[in-house]
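Below: the structure, in C-alpha coordinates.
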Amino acid sequence: MKKTLILLAMVIALVILPFFINHGGAFGGSDGEAESQIQVVAPHYKPWFQPLYEPASGEIESLLFTLQGSMGAAVIFYILGYMKGRQRADERA
(Lines give C-alpha, C1' and ligand atoms only; values in the text may rest on other atoms or scores of the structure.)
Protein backbone atom coordinates (compact mmCIF):
# COMPACT_ATOMS: atom_id res chain seq x y z
CA MET A 1 0.00 0.00 0.00
CA LYS A 2 2.81 2.40 0.91
CA LYS A 3 4.66 1.62 -2.31
CA THR A 4 1.52 2.28 -4.35
CA LEU A 5 0.99 5.66 -2.67
CA ILE A 6 4.62 6.65 -3.33
CA LEU A 7 4.31 5.68 -7.01
CA LEU A 8 1.01 7.56 -7.30
CA ALA A 9 2.57 10.67 -5.74
CA MET A 10 5.50 10.44 -8.18
CA VAL A 11 3.14 10.16 -11.18
CA ILE A 12 1.11 13.15 -9.98
CA ALA A 13 4.31 15.15 -9.47
CA LEU A 14 5.49 14.29 -12.99
CA VAL A 15 2.16 15.44 -14.41
CA ILE A 16 1.99 18.71 -12.45
CA LEU A 17 5.68 19.73 -12.37
CA PRO A 18 6.00 20.72 -16.07
CA PHE A 19 3.33 23.40 -15.57
CA PHE A 20 5.61 25.20 -13.11
CA ILE A 21 8.84 24.90 -15.09
CA ASN A 22 9.10 27.65 -17.69
CA HIS A 23 12.21 28.03 -19.81
CA GLY A 24 11.18 31.30 -21.37
CA GLY A 25 8.82 30.27 -24.12
CA ALA A 26 6.69 27.71 -25.82
CA PHE A 27 7.90 24.25 -26.61
CA GLY A 28 9.37 24.26 -30.09
CA GLY A 29 10.58 20.72 -30.42
CA SER A 30 14.02 19.52 -31.43
CA ASP A 31 13.74 20.26 -35.17
CA GLY A 32 13.96 24.02 -34.69
CA GLU A 33 16.86 23.66 -32.26
CA ALA A 34 18.76 21.44 -34.69
CA GLU A 35 18.21 23.87 -37.54
CA SER A 36 19.54 26.81 -35.52
CA GLN A 37 22.61 24.85 -34.42
CA ILE A 38 23.36 23.82 -38.01
CA GLN A 39 23.24 27.49 -39.04
CA VAL A 40 25.75 28.29 -36.25
CA VAL A 41 28.15 25.46 -37.12
CA ALA A 42 27.84 25.54 -40.93
CA PRO A 43 26.17 28.75 -42.14
CA HIS A 44 26.48 27.78 -45.82
CA TYR A 45 24.76 24.40 -45.40
CA LYS A 46 21.95 23.68 -47.86
CA PRO A 47 19.33 21.01 -47.06
CA TRP A 48 19.36 17.92 -49.28
CA PHE A 49 15.62 18.00 -49.94
CA GLN A 50 12.43 19.87 -49.06
CA PRO A 51 9.38 18.40 -47.31
CA LEU A 52 6.74 16.91 -49.60
CA TYR A 53 3.94 18.47 -47.54
CA GLU A 54 4.14 21.52 -45.28
CA PRO A 55 1.18 21.70 -42.82
CA ALA A 56 -0.70 25.00 -42.68
CA SER A 57 -0.10 25.49 -38.95
CA GLY A 58 1.76 24.08 -35.96
CA GLU A 59 -1.45 22.58 -34.60
CA ILE A 60 -2.00 20.53 -37.76
CA GLU A 61 1.63 19.44 -37.67
CA SER A 62 1.21 18.31 -34.05
CA LEU A 63 -1.99 16.47 -34.96
CA LEU A 64 -0.30 14.61 -37.82
CA PHE A 65 2.67 13.73 -35.63
CA THR A 66 0.35 12.40 -32.92
CA LEU A 67 -1.67 10.38 -35.42
CA GLN A 68 1.52 8.90 -36.84
CA GLY A 69 2.69 7.86 -33.39
CA SER A 70 -0.73 6.45 -32.50
CA MET A 71 -0.87 4.34 -35.65
CA GLY A 72 2.64 3.04 -35.01
CA ALA A 73 1.73 2.12 -31.43
CA ALA A 74 -1.46 0.40 -32.65
CA VAL A 75 0.51 -1.73 -35.12
CA ILE A 76 3.12 -2.68 -32.51
CA PHE A 77 0.54 -3.63 -29.88
CA TYR A 78 -1.58 -5.52 -32.42
CA ILE A 79 1.46 -7.61 -33.33
CA LEU A 80 2.30 -8.20 -29.66
CA GLY A 81 -1.30 -9.22 -28.92
CA TYR A 82 -1.38 -11.52 -31.94
CA MET A 83 1.86 -13.20 -30.87
CA LYS A 84 0.61 -13.61 -27.30
CA GLY A 85 -2.63 -15.13 -28.60
CA ARG A 86 -0.72 -17.58 -30.78
CA GLN A 87 1.47 -18.51 -27.82
CA ARG A 88 -1.59 -19.23 -25.65
CA ALA A 89 -3.21 -21.25 -28.46
CA ASP A 90 -0.04 -23.34 -28.82
CA GLU A 91 0.06 -23.95 -25.07
CA ARG A 92 -3.55 -25.19 -25.07
CA ALA A 93 -2.95 -27.52 -28.02
Side-chain angles (χ1 to χ4, degrees):
M1 180 73 173
K2 184 178 178 182
K3 189 176 184 180
T4 304
L5 290 175
I6 291 172
L7 287 173
L8 183 61
M10 289 172 64
V11 167
I12 291 171
L14 286 173
V15 169
I16 293 174
L17 190 62
F19 291 109
F20 296 105
I21 298 174
N22 186 2
H23 292 292
F27 176 72
S30 62
D31 291 345
E33 292 294 321
E35 186 176 340
S36 65
Q37 285 300 314
I38 289 170
Q39 290 300 320
V40 169
V41 174
H44 300 297
Y45 175 79
K46 293 192 192 303
W48 294 358
F49 57 89
Q50 296 297 321
L52 297 175
Y53 171 71
E54 189 72 34
S57 69
E59 291 84 10
I60 294 173
E61 186 176 358
S62 295
L63 172 70
L64 293 174
F65 183 76
T66 303
L67 286 173
Q68 178 185 4
S70 299
M71 288 188 299
V75 168
I76 289 170
F77 286 112
Y78 174 80
I79 292 170
L80 289 174
Y82 179 79
M83 292 173 70
K84 185 67 175 175
R86 265 187 34 192
Q87 181 183 14
R88 284 188 183 167
D90 289 345
E91 288 174 359
R92 289 181 185 160

How many angstroms lie between [atom1] in [X] and [atom2] in [Y], if you round to the nearest 0.5 Å?
X: L67; Y: M71; atom1: CG; atom2: CE; answer: 6.0 Å
X: I12; Y: L5; atom1: CD1; atom2: CG; answer: 9.5 Å
X: L63; Y: E61; atom1: CG; atom2: CD; answer: 11.0 Å
X: T4; Y: L8; atom1: OG1; atom2: CG; answer: 8.5 Å

Are there more than 12 heavy atoms of other residues, nucleotides or ligands under 6.0 Å from atom [atom1] of [X]?
X: Y53; atom1: OH; value: yes
X: Y82; atom1: OH; value: no
X: E91; atom1: CD; value: yes

* Path from L14 to I6 over hydrophobic side-chain contacts below 4.5 Å -> no
Mind checking whether L64 and L52 sit in one hydrophobic cluster, side chains of I, L, V, M, F, W, Y counted as touching below 4.5 Å?
no
Taking the side chain as everything from C-beta on, heavy atoms only, tell me whether Q39 gets closer than 4.5 Å to S36. no
